[in-house]
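Position 1 is the first residue of the sequence, and the numbers go up from there. In each ligand, atom 1 is the first atom listed, and ligand 1 is the first ligand listed.
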Amino acid sequence: MSVYENTKLILENIGSTTLVCITKTIEPERINEAIRAGATIIGENRVQEYEDKRDDILPCETHLTGHLQTNKVKKAVRLFDVIQSIDSLKLIRNIDRRARDIGKVQRVYLQVNIGSEPQKQGFEPDEIKNAIKEIRSLRNVRVEGLMCIPPFVPPEQTRAYFRKMKALFDEMKQENRDNIDIRTLSMGMSSDYMIAIEEGATMVRVGSAIFGKRKY
Ligand SMILES: *Cc1c(COP(=O)(O)O)cnc(C)c1O
């Protein structure tokens, strides 16, 4: 099946859920095939890789889904509509400062380490409420969602993590006012996006099911 057909099929399967087409390592030509098939958002993991490809990619919304290093914040704020990978207060304060410099309000999601894995990026689930309290005073960021990458386990075992995320999402929506406007729950990838949707995802991030296995 072609990228075009894969994208069409996934869009059909997910209905009203938002698709982010994960395009790391994928050439612009193939990314454009997905956009022509109806994908409206792409997600990249590296600032530099996206900057190198962007002139050849058709108009679309762009999300950063990989860890953002301090020295790339300025560029990321210039290039991305949404930064999904906010994993510390230090990072979001830095983003707020860079966004203020260029008169932008940067849309962001908070990344949750839902499996509390020591090696993984993200806020601990029980840190999110306090993080939101700290972020409320920042004028140049708007928190629009939560994102997670659950532990690497067989697809059906991710369900429990998705369920936990949904509960956290519903709880944190109660905090919505000022620059906190949580309405997107970004979870589910190629192997488990239908499970994520069953558990309440409003956005899924799909790469290899569209483009095939990645070659690094
Ligand atoms: C690579 C990646 C995905 C997509 O993974 P697939 O299994 O190829 O669908 C989703 N989210 C993030 C953050 C990723 O890095």
Open item on the list: One thing to verify: whether Glu49 and Arg46 come together as a salt bridge, which I'm taking to mean a side-chain N less than 4.0 angstrom from a carboxylate O.
Closed with: no

TODO: Before accepting this row, confirm whether a basic side-chain N of the pair Arg107/Glu61 lies closer than 4.0 Å to the acidic partner's carboxylate O.
DONE: yes

- [ ] Would you give the length of the straight line joining atom CG of Asn6 to atom CD1 of Ile210, rounded to the nearest 0.5 angstrom?
- [x] 7.5 Å

- [ ] Give the atoms of ligand 1, by number and element, whose distance to some non-hydrogen atom of Val206 is under 4.0 Å.
- [x] 9 (O)

TODO: Inspect the contact between Asp56 and Lys53 and indicate whether a charged nitrogen and a carboxylate oxygen are less than 4.0 angstrom apart.
DONE: no

Task: Proximal atoms of ligand 1 relative to Ser190 (non-hydrogen, under 4.0 Å) - done: 6 (P), 7 (O), 8 (O), 9 (O)

Open item on the list: For atom 14 (C) of ligand 1, which of the options Met189, Arg205, Lys24 provides the nearest non-hydrogen atom?
Closed with: Lys24

Open item on the list: Side chain or backbone, does Ser191 bring an N or O within less than 3.5 Å of an N or O on ligand 1?
Closed with: no

- [ ] Check Ile180, Leu138, Asn176 against Val143 for a side-chain contact (heavy atoms from CB on, under 4.5 Å) and give me the one that passes.
- [x] Ile180

Task: N or O pair under 3.5 Å between Thr65 and ligand 1 - done: no

Task: Side-chain ion pair, Arg97 and Asp101, N-O less than 4.0 Å - done: no

TODO: Check Gln84 against ligand 1 and report side chain, backbone, both or neither, counting heavy atoms closer than 4.0 Å.
DONE: neither

Open item on the list: Counting only nitrogen or oxygen atoms and a 3.5 angstrom limit, does Ile149 reach ligand 1?
Closed with: no

